[in-house]
A.B. asks: 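My questions all concern the structure below.
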Amino acid sequence: MRSFFRHGFGLLILTVALLAGPRAASAHPHVWVKAASELIYAPDGTITGVRHAWTFDDMFSTYALQGIETKTKGVYTREELAPLAQTNVESLKEFGFFSFAKADGRKQKFNEPTDYYLEYKDSALVLHFVLPFKTPFKSRQMQLEIFDPSYFVDFQLQDKDPIRLVNAPAACAMAIERPSGGTAAATKLGEDNFLDGSNANFGAMFANKVTVNCP
């Protein structure tokens, strides 16, 4: 099965390129996501995983829903969206799930996503899934970044309660750093950087960063 993300992103690139020209299409994000996440803790204080809820923009949601049969027009049940959800999370693996974690400075790896599903809410698709850590851990400082290194997808944390600590020790403190500049900064740096591949990790400049410090 062809990658849902790659297939969908490819058509969106084409659409933007036809409307704004190929150079503009290469220099800006084409999919927008509002993100909310939870860091999941076990009773002993170890961090076991991350639970994501990503709301896609209207354009991408409309495209993704094309061809899906429903019992009620305009209403999409979790069961009807299940095949799309599966394809979605399988495709995300290629992109590292757009999630990057460190514990006391050491990179942490994730297992395959679990508890994934799609819902259709307020005319947008919302992808829910859990990323379990391969090795649950305790740390004095845990960092999580959510971004697309290529800056094809623009991730923004939702305004209210974007990050939650679930069952974390009471003494743990969290700090959230949101990116600034967005597409305007991308344009200022120049579109040629995107075209020649010299900014393969450009999206890191717009990462959403979460830091949790525990004594």
Side-chain angles (χ1 to χ4, degrees), residues 5 29 31-55 88-116 127-186 188-189 193-194 196-215:
F5 264 74
V31 179
W32 289 263
V33 172
K34 279 284 187 179
S37 302
E38 296 178 339
L39 300 179
I40 306 169
Y41 288 74
D44 65 354
T46 59
I47 305 176
T48 62
V50 180
R51 181 182 291 113
H52 286 309
W54 292 350
T55 302
N88 224 164
V89 295
E90 289 175 351
S91 300
L92 279 171
K93 184 176 182 179
E94 180 180 350
F95 305 97
F97 307 104
F98 301 122
S99 303
F100 309 90
K102 290 183 179 180
D104 297 326
R106 295 184 177 182
K107 293 182 179 180
Q108 301 298 310
K109 295 182 178 180
F110 295 104
N111 278 327
E112 297 295 321
T114 64
D115 302 331
Y116 56 83
L127 176 64
H128 300 263
F129 65 104
V130 174
L131 282 177
F133 285 108
K134 284 192 173 181
T135 304
F137 57 86
K138 290 183 179 180
S139 67
R140 295 182 63 86
Q141 185 179 83
M142 185 269 185
Q143 293 179 317
L144 174 68
E145 294 185 338
I146 304 168
F147 69 98
D148 175 11
S150 69
Y151 198 47
F152 191 97
V153 184
D154 183 298
F155 284 93
Q156 296 182 16
L157 297 179
Q158 69 178 28
D159 296 330
K160 184 178 180 181
D161 298 327
I163 307 293
R164 295 180 61 245
L165 305 182
V166 179
N167 298 322
C172 292
M174 177 179 64
I176 300 174
E177 181 181 346
R178 298 173 185 264
S180 61
T183 301
K188 184 177 181 180
L189 285 179
N193 295 101
F194 293 85
D196 64 14
S198 62
N199 264 319
N201 197 37
F202 179 81
M205 295 180 60
F206 308 105
N208 300 276
K209 302 179 181 180
V210 182
T211 302
V212 181
N213 292 298
C214 297

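All residue numbers in this chain count up from 1 along the given sequence.
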A.B. asks: Are Val33 and Thr55 close enough, and set up right, to give a side-chain contact (heavy atoms from CB on, under 4.5 Å), and what steps lead you there?
C.D. replies: CA-CA 5 Å; Val33 172; Thr55 302; 5.9 Å; no
A.B. asks: Would you confirm whether Lys109, through its side chain, and Thr135, through its main-chain N or O, come within 3.5 Å as a donor-acceptor pair?
C.D. replies: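 No; zero donor-acceptor contacts below 3.5 Å.
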A.B. asks: Report the C-alpha distance between Leu92 and Leu127 in whole Å, list the side-chain angles of each, state the deciding distance to 0.1 Å, and finish with yes or no for side-chain contact (heavy atoms from CB on, under 4.5 Å).
C.D. replies: CA-CA 11 Å; Leu92 279 171; Leu127 176 64; 3.7 Å; yes
A.B. asks: How are the rings of His52 and Trp54 set relative to one another: parallel (under 30°), tilted (30 to 60°) or perpendicular (over 60°)?
C.D. replies: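 If you compare the ring of His52 with that of Trp54, the planes turn out tilted.
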A.B. asks: Would you say Pro149 and Phe100 make side-chain contact, with heavy atoms under 4.5 Å?
C.D. replies: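 Counting from C-beta outward, Pro149 and Phe100 do come under 4.5 Å.
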A.B. asks: Taking the side chain as everything from C-beta on, heavy atoms only, tell me whether Phe155 gets closer than 4.5 Å to Phe206.
C.D. replies: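 No, side chains not in contact.
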A.B. asks: Indicate the atoms forming the closest heavy-atom contact of Phe97 with Pro113, along with that distance.
C.D. replies: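 For Phe97 and Pro113, the tightest heavy-atom pair comes out as CE2-CG, 3.3 Å.
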A.B. asks: Is the number of heavy atoms from other residues, nucleotides or ligands within 6.0 Å of CZ (Arg178) greater than 12?
C.D. replies: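 For Arg178, atom CZ is crowded (more than 12 foreign heavy atoms under 6.0 Å).
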A.B. asks: Can you check side-chain contact (heavy atoms from CB on, under 4.5 Å) on Gln108 and Lys134, steps first, answer last?
C.D. replies: CA-CA 8 Å; Gln108 301 298 310; Lys134 284 192 173 181; over 6 Å; no
A.B. asks: Calculate, to the nearest 0.5 Å, the distance between atoms NZ and OG1 belonging to Lys138 and Thr46 respectively.
C.D. replies: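 Between atom NZ of Lys138 and atom OG1 of Thr46 there are 7.0 Å.
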A.B. asks: Given side chains that start at C-beta, do those of Ile176 and Pro162 come closer than 4.5 Å, heavy atoms only?
C.D. replies: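 Side chain of Ile176 against side chain of Pro162, heavy atoms only: contact under 4.5 Å found.
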A.B. asks: If you take all heavy atoms of Cys214 and Ser139, which pair is closest and at what distance?
C.D. replies: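 Smallest heavy-atom distance, with atoms named: CB-O, 3.9 Å.
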A.B. asks: Roughly how far, to the nearest 0.5 Å, is NZ of Lys93 from CG of Leu131?
C.D. replies: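 If I round to the nearest 0.5 Å, the distance is 11.5 Å.
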A.B. asks: Are any side-chain N or O atoms of Gln158 and backbone N or O atoms of Lys160, one a donor and one an acceptor, separated by less than 3.5 Å?
C.D. replies: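 Yes.
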A.B. asks: Atom CD of Gln156 and atom CG of Asn208: how far apart are they, to the nearest 0.5 Å?
C.D. replies: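 It comes to 8.0 Å.
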A.B. asks: Are Phe133 and Val50 close enough, and set up right, to give a side-chain contact (heavy atoms from CB on, under 4.5 Å), and what steps lead you there?
C.D. replies: CA-CA 8 Å; Phe133 285 108; Val50 180; 4.1 Å; yes
A.B. asks: To the nearest 0.5 Å, what is the distance between CD1 on Ile163 and CG on Leu157?
C.D. replies: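 Atom-to-atom, Ile163:CD1 and Leu157:CG are 5.0 Å apart.
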A.B. asks: Indicate whether the side chain of Asp104 and that of Gln141 have a donor and an acceptor atom separated by less than 3.5 Å.
C.D. replies: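 Asp104 vs Gln141: no donor-acceptor pair found between side chains.
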A.B. asks: Quick one: does Phe98's side chain get under 4.5 Å of Val153's, heavy atoms only?
C.D. replies: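 In short, these two side chains touch, coming nearer than 4.5 Å.
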A.B. asks: Measuring from Tyr116:OH to His128:NE2, what's the distance to the nearest 0.5 Å?
C.D. replies: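 If we round to the nearest 0.5 Å, Tyr116:OH and His128:NE2 are 15.0 Å apart.
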A.B. asks: Backbone N or O of Asp148 within a donor-acceptor pair of the Ser150 side chain at under 3.5 Å?
C.D. replies: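 No; judged by distance alone, with no hydrogens or angles, the pair does not exist.
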A.B. asks: Treating Thr48 as the side-chain partner and Ile40 as the backbone partner, does any N or O pair qualify as donor plus acceptor under 3.5 Å?
C.D. replies: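 Yes; at least one donor-acceptor contact below 3.5 Å.
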A.B. asks: Could you pull out the closest heavy-atom pair between Gly45 and Pro169, with the gap in Å?
C.D. replies: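 Heavy-atom minimum between the residues: CA-CG, 4.2 Å.
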A.B. asks: For residues Lys34 and Asp159, determine if any side-chain heavy atom of one lies less than 4.5 Å from a side-chain heavy atom of the other.
C.D. replies: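 When only atoms from C-beta onward are counted, Asp159 and Lys34 do touch, with a gap below 4.5 Å.
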A.B. asks: Side-chain contact test, heavy atoms from C-beta onward, threshold under 4.5 Å: evaluate it for Ile146 versus Ser37 and give yes or no.
C.D. replies: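 Side chain of Ile146 against side chain of Ser37, heavy atoms only: contact under 4.5 Å found.
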A.B. asks: Measure the shortest side-chain to side-chain distance between Thr114 and Pro132 over non-hydrogen atoms and say whether it is less than 4.5 angstrom.
C.D. replies: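 Yes, their side chains come closer than 4.5 Å.
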A.B. asks: Got more than 12 heavy atoms from elsewhere within 6.0 Å of NZ, Lys102?
C.D. replies: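 Open: at most 12 neighbouring heavy atoms sit under 6.0 Å from NZ of Lys102.
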A.B. asks: Mind checking whether Leu144 and Met142 have side chains closer than 4.5 Å, heavy atoms only?
C.D. replies: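 Yes; the side chains approach each other to less than 4.5 Å.
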A.B. asks: Measure the spacing between CG of Asn167 and CD1 of Ile47 and express it to the nearest 0.5 Å.
C.D. replies: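 Atom-to-atom, Asn167:CG and Ile47:CD1 are 12.0 Å apart.
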A.B. asks: If I compare all heavy atoms of Pro215 with all of Cys172, which pair ends up nearest, and what's the gap?
C.D. replies: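 Taking every non-hydrogen atom into account, CD-N, 4.5 Å.
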